[in-house]
Amino acid sequence: MKFKLIAGPCVIENKEIVLHVAEELKSIATEFDIEYIFKASFDKANRSSINSYRGVSILEGLKILKEVKEKFDISVLTDIHESYQAKSIAEIVDVIQIPAFLCRQTDLLKACVEAIKDKPKYINVKKGQFLAPWDMEQIVLKMKKFGLDTDNGKLWLTERGSSFGYNTLVVDFRSLPKMKQYKCPIIFDATHSVQQPGGMGAKSGGQREYVAPLARAAAAVGIDGIFMETHPNPEKALSDGPNMVPLKRMKELISQILEIRNCLKKGLASSDY
């Protein structure tokens, strides 16, 4: 199984930025021979403030994602927020992502499984900031009950940090091998793990300087893919700018992650004690 790179801007701001980011990252993924999945949200339904930019409509968003998919011959991922969206999203995207805040929403999980059940598509569930890694077993069991078995690799689990006091997240790297016990590909979300939810009052803050150290640490523990949001100019991004990686820095960071991962494959590091 090829290493997965899930990356793109937090939200669809306009088609030009989306196409630019997708083209750059497709080139990097091709050079490193890894699987690239473009990500962007058509709606950010859980913004801190009513005045925050949420994105384009679902119709416009899916239209843009379809163009990305066809133009660059890559898979695409987007978030879902409501059960009724599952069917239309599954017609276009390759990976439906369950946001962390919604990871225990039973009807939403069921709708996603039903939408992809007979399609070569996937579901990525982000671990809620409020959950222990072993709590994800109940989510996996729900998905199995609805007909999505872990044996086919169609269910992915993503670590994105845990709430620690107010406006702060921390990463317990024990969660990665723990969740791997549930026989699902494990993804590490390096950019949301440094987010500071609501940390700037009307919007979230972030500590971008810690993205690279956490991503390298996750690679050393052992992951099947990395999730990172990126933007040509994070300071001007309309959502999650403080924790996004500048697009020009992505190649260097991905190279470091893969180099560390290769050490695991060569047997130079191990968690089997």
Side-chain angles (χ1 to χ4, degrees), residues 6 8-12 39-56 58 61 77-86 89-90 93 95-113 115 122-143 146 148 155-172 175-176 179 182 184 186-207 214 227-229 237-244:
I6 304 172
C10 177
V11 67
I12 296 175
K39 73 81 46 188
S41 300
F42 59 82
D43 180 24
K44 301 298 291 184
N46 60 351
R47 298 304 304 273
S48 298
S49 168
I50 191 65
N51 297 315
S52 296
Y53 176 76
R54 285 184 55 169
V56 297
I58 184 172
L77 172 153
T78 199
D79 295 296
I80 186 172
H81 299 283
E82 303 281 353
S83 299
Y84 75 86
Q85 298 172 336
I89 289 176
V93 308
V95 186
I96 301 177
Q97 181 164 276
I98 309 290
F101 283 125
L102 302 177
C103 67
R104 297 199 304 186
Q105 295 295 102
T106 302
D107 290 342
L108 184 61
L109 296 173
K110 183 178 181 180
C112 290
V113 172
Y122 305 85
I123 297 174
N124 182 37
V125 181
K126 287 196 169 184
K127 181 180 75 64
Q129 304 93 321
F130 45 87
L131 293 182
W134 45 87
D135 293 331
M136 291 298 285
E137 181 179 17
Q138 300 308 315
I139 293 170
V140 173
L141 291 174
K142 282 185 183 181
M143 302 300 251
F146 300 143
L148 189 65
L155 174 61
W156 308 347
L157 304 179
T158 294
E159 170 61 64
R160 54 125 324 139
S162 299
S163 296
F164 184 78
Y166 298 124
N167 307 123
T168 304
L169 300 172
V170 297
V171 178
D172 178 359
S175 69
L176 302 175
M179 290 197 295
Y182 306 131
C184 300
I186 301 301
I187 313 297
F188 179 65
D189 181 344
T191 47
H192 284 105
S193 290
V194 304
Q195 188 184 59
Q196 296 173 310
M200 299 176 72
K203 60 183 179 179
S204 293
Q207 296 176 302
L214 292 183
F227 178 111
M228 293 189 287
E229 290 184 338
L238 299 181
S239 177
D240 274 1
N243 48 261
M244 280 203 279

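- The closest donor-acceptor contact from the side chain of S193 to the backbone of T191 lies at 3.5 Å or more, if one exists at all.
- Looking at residues two or more places apart in sequence or on another chain, you find a side chain to side chain donor-acceptor pair (under 3.5 Å) between D172 and R174.
- In terms of modelled atom types and a separation under 3.5 Å, the side chain of E137 and the main chain of I139 share no donor-acceptor contact.
- Among all heavy-atom pairs drawn from C103 and L109, the shortest one is O-CD1, 3.5 Å.
- K110 is linked by a side-chain contact (heavy atoms from CB on, under 4.5 Å) to E114, F146, counting only residues two or more places apart in sequence or in another chain.
- Summarising the geometry of D79 relative to I89, their closest heavy-atom pair is O-CD1, 3.9 Å, with the distance given to 0.1 Å.
- In this structure, the side chain to side chain donor-acceptor pair (under 3.5 Å) partners of K142, at least two apart in sequence or on a different chain, are T106.
- Separation of atoms CG (N243) and CD (E229) is listed at 6.5 Å; rounding is to 0.5 Å.
- To the nearest 0.5 Å, atoms CD (E82) and CD1 (I58) are separated by 10.0 Å.
- One finds the SG atom of C112 at 6.5 Å from the CE atom of M143 (value rounded to the nearest 0.5 Å).
- The two residues I12 and Y53 come nearest to each other via the heavy atoms O-OH, 2.9 Å.
- Atoms CE and OH, on M136 and Y182 in that order, are 9.0 Å from each other to the nearest 0.5 Å.
- You'll find the side chain of F42 stays beyond 4.5 Å of the side chain of V93, heavy atoms only.
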Go through the steps for S52 and K44 under the test side chain to side chain contact (heavy atoms under 4.5 Å, CB included), then give the verdict.
CA-CA 9 Å; S52 296; K44 301 298 291 184; over 6 Å; no

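- By the side chain to side chain donor-acceptor pair (under 3.5 Å) test, Q195 pairs with R160, D240, sequence neighbours left out.
- Considering all non-hydrogen atoms of both residues, I80 and I96 come closest at CG2-CG2, 3.6 Å.
- Side chain of S163 to backbone of L169: no donor-acceptor contact under 3.5 angstrom is found.
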Return all side-chain donor-acceptor pairs below 3.5 angstrom for residues 122-131, not counting sequence neighbours, or 'none' if the list is empty.
unit_1	atom_1	unit_2	atom_2	d
N124	OD1	T158	OG1	2.7
N124	ND2	Q97	OE1	2.9
N124	ND2	T158	OG1	3.1
K126	NZ	D189	OD2	2.6
K126	NZ	H192	ND1	3.3
K127	NZ	L131	O	3.1
K127	NZ	S162	OG	3.2

Run the side chain to side chain contact (heavy atoms under 4.5 Å, CB included) test on H81 and L102 for me, step by step, so that the C-alpha distance in whole Å, both residues' side-chain angles and the decisive distance to 0.1 Å come before the verdict.
CA-CA 8 Å; H81 299 283; L102 302 177; 4.1 Å; yes

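- Contacts of F188 classified as ring-ring contact (aromatic ring centres under 6.0 Å, His included), with partners at least two apart in sequence or in another chain: F173.
- In terms of heavy-atom proximity, L157 sits nearest to C184 at CG-CB, 4.0 Å.
- Of all non-hydrogen atoms in P242 and G206, the two that sit nearest each other are CB-N, 3.4 Å.
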